[in-house]
Number of protein chains: 2
Amino acid sequence: MSLRIALLGLLSAVGPASGYDLAKKFDRSLNHVWQAGHTQIYPELVKMASDGLVEAEAEGARGRKLYTITPEGRRELREWLAEHDPAMTIRSEGALQAFLLPLLSRDQAIKVVERIKAGYQVRLARLECKPAEGEFGGYARSLGLAQARTGIQWADETLAELKARTDL
Amino acid sequence: MSLRIALLGLLSAVGPASGYDLAKKFDRSLNHVWQAGHTQIYPELVKMASDGLVEAEAEGARGRKLYTITPEGRRELREWLAEHDPAMTIRSEGALQAFLLPLLSRDQAIKVVERIKAGYQVRLARLECKPAEGEFGGYARSLGLAQARTGIQWADETLAELKARTDL
DNA sequence: ACTAACATGTAAAGCGTTACATGATTTG
DNA sequence: CAAATCATGTAACGCTTTACATGTTAGT
């Protein structure tokens with residue numbers, strides 16, 4: 001469902017687009033929120049078209065297919081945004097490593113936390129150098145920035161605690 | 001892979017356990033990091049046994065099967081923790097709703113943000129009233145607490161901004 | 001001519017959720 | 001004896017990733 005919603009949202013925000021365009025948007029502006037490659041997007045657009053949520057215009061240059069959101073697509077999008085209680089489930093390999101930290105020696109734990117920190121720093125850097133983008137997605141951007149900074153702060157505190165230890 | 005690692009980690013931390021036990025641990029202590037129900041855990045344990053990562057002891061009361069981590073299982077776990085660069089990918093319906101906020105009217109956006117905030121509050125409450133648990137998982141717990149508080153703070157700031165608006 | 005970017009797809013395998021199904025033991 | 005909890009599993013479906021496969025256009 002969320003893939004559909006994300007595609008409808010992009011089509012609603014930026015107007016008609018091809019699967020290729022949408023895959024790029026996913027990679028560039030939506031990547032801190034949801035991920036999908038073109039292999040998932042192309043078939044989904046076909047299904048959405050057969051469900052009447054989008055319409056494919058005639059092919060353009062290089063076999064390019066432009067999709068437009070339909071009124072029914074807009075309705076579906078609005079309804080999901082208005083009614084759907086968002087699942088707050090997290091699946092984070094970084095958090096899993098954090099969970100298992102006590103299984104490691106002090107030195108190994110430090111290395112692991114430094115790697116987790118590096119991951120948050122990469123995310124922070126990507127979000128920081130990606131402003132504007134038509135301003136769309138700004139709320140999610142500020143949420144992502146805050147979460148990344150929180151992760152870095154957690155890593156710093158955890159590193160300080162681990163380094164203060166004298167036991168193994 | 002992560003499901004395997006989580007199971008190996010639990011078996012390594014708490015000793016021999018049944019699939020049922022592990023499912024409970026997932027639900028109670030690991031749920032802010034990774035999720036899996038018994039329908040995923042039982043078959044995975046069978047596969048892990050055939051891969052030599054765990055060993056099933058004879059059945060106990062009520063058909064209960066106790067699994068123990070093997071030396072090879074410990075090696076796999078250690079290697080993953082030491083070498084694996086954790087994927088920092090996020091898939092969050094809440095963040096997706098945040099991303100699409102500009103598509104909504106001021107009033108609808110406020111409702112959506114309040115729902116997102118409620119989700120973070122539930123997560124915060126669950127983590128707060130779940131201390132100890134053998135102290136294992138404490139690092140992930142503090143990370144989860146910090147992330148939940150960050151989410152609530154973002155929601156409050158966003159609500160303040162939205163409410164300050166006079167336009168639709 | 002070559003390379004990079006454009007542009008679309010299919011297939012297989014793996015991961016995850018939901019629904020279905022069964023039976024034993026404990027507690028009230 | 002009824003209900004809750006213990007305990008295990010299968011099957012179908014849907015979502016996601018990886019690998020394969022093809023052809024066009026623009027710039028150097």
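Keep in mind that this is a model prediction, so the values were computed, not measured. Below, chain A is the first sequence line, B the second, and so on; all start at residue 1.
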Checklist entry - For Met1(B) and dT17(D), what is the distance between atoms CE and P respectively, to the nearest whole Å? => result 17 Å
Checklist entry - Between Leu3(B) (CG) and dG14(C) (C1'), how many Å, whole number? => result 12 Å
Checklist entry - Are side-chain heavy atoms of Arg75(B) and Glu72(B) found at a separation under 4.5 Å? => result yes
Checklist entry - Quick one: ring-ring contact (aromatic ring centres under 6.0 Å, His included) pairs with a partner in residues 55-74 of chain A, sequence neighbours left out? => result none
Checklist entry - Under the side chain to side chain donor-acceptor pair (under 3.5 Å) test, which residues partner Thr39(A), sequence neighbours left out? => result none
Checklist entry - What is the distance from CD of Gln35(A) to P of dC15(C), rounded to the nearest Å? => result 17 Å
Next on the checklist: As a test of understanding, state which of Phe136(A), Trp34(A), Tyr139(A) forms a ring pair (Phe, Tyr, Trp, His ring centres under 6.0 Å) with Phe99(B).
Outcome noted: Phe136(A)
Next on the checklist: On the nucleotide dT8(C), are OP1 or OP2 found under 4.0 Å from the side-chain N or O atoms that Tyr20(A) carries?
Outcome noted: no
Checklist outcome for this item: To the nearest angstrom, the OH-C1' distance between Tyr67(B) and dG9(D) comes to 11 Å
Checklist entry - In residues 36-57 of chain A, which ones come under 4.0 Å of DNA chain D, going by heavy atoms? => result Thr39(A), Gln40(A)
Item to check | Gap between atoms CH2 and C1', on Trp34(A) and dT17(D) respectively (whole Å) | outcome: 15 Å
Checklist entry - Could you state the CG-C1' distance from Leu7(A) to dC15(D), rounded to the nearest angstrom? => result 13 Å
Item to check | Length of the CZ-P vector between Arg64(B) and dT26(C), whole Å | outcome: 13 Å
Checklist entry - Taking NZ, NE, NH1 and NH2 as the nitrogens, is one of them in Glu44(A) or Lys47(A) under 4.0 Å from a carboxylate oxygen of the other? => result yes
Next on the checklist: What is the separation between atom NZ on Lys25(A) and atom P on dA7(C), rounded to the nearest whole Å?
Outcome noted: 12 Å
Checklist entry - Which is true for Arg91(B) with a 4.0 Å heavy-atom rule: it touches a base, it touches only sugar-phosphate, or it touches nothing? => result sugar-phosphate
Item to check | Carboxylate-amine/guanidinium contact Lys163(A) Glu114(A), below 4.0 Å | outcome: yes
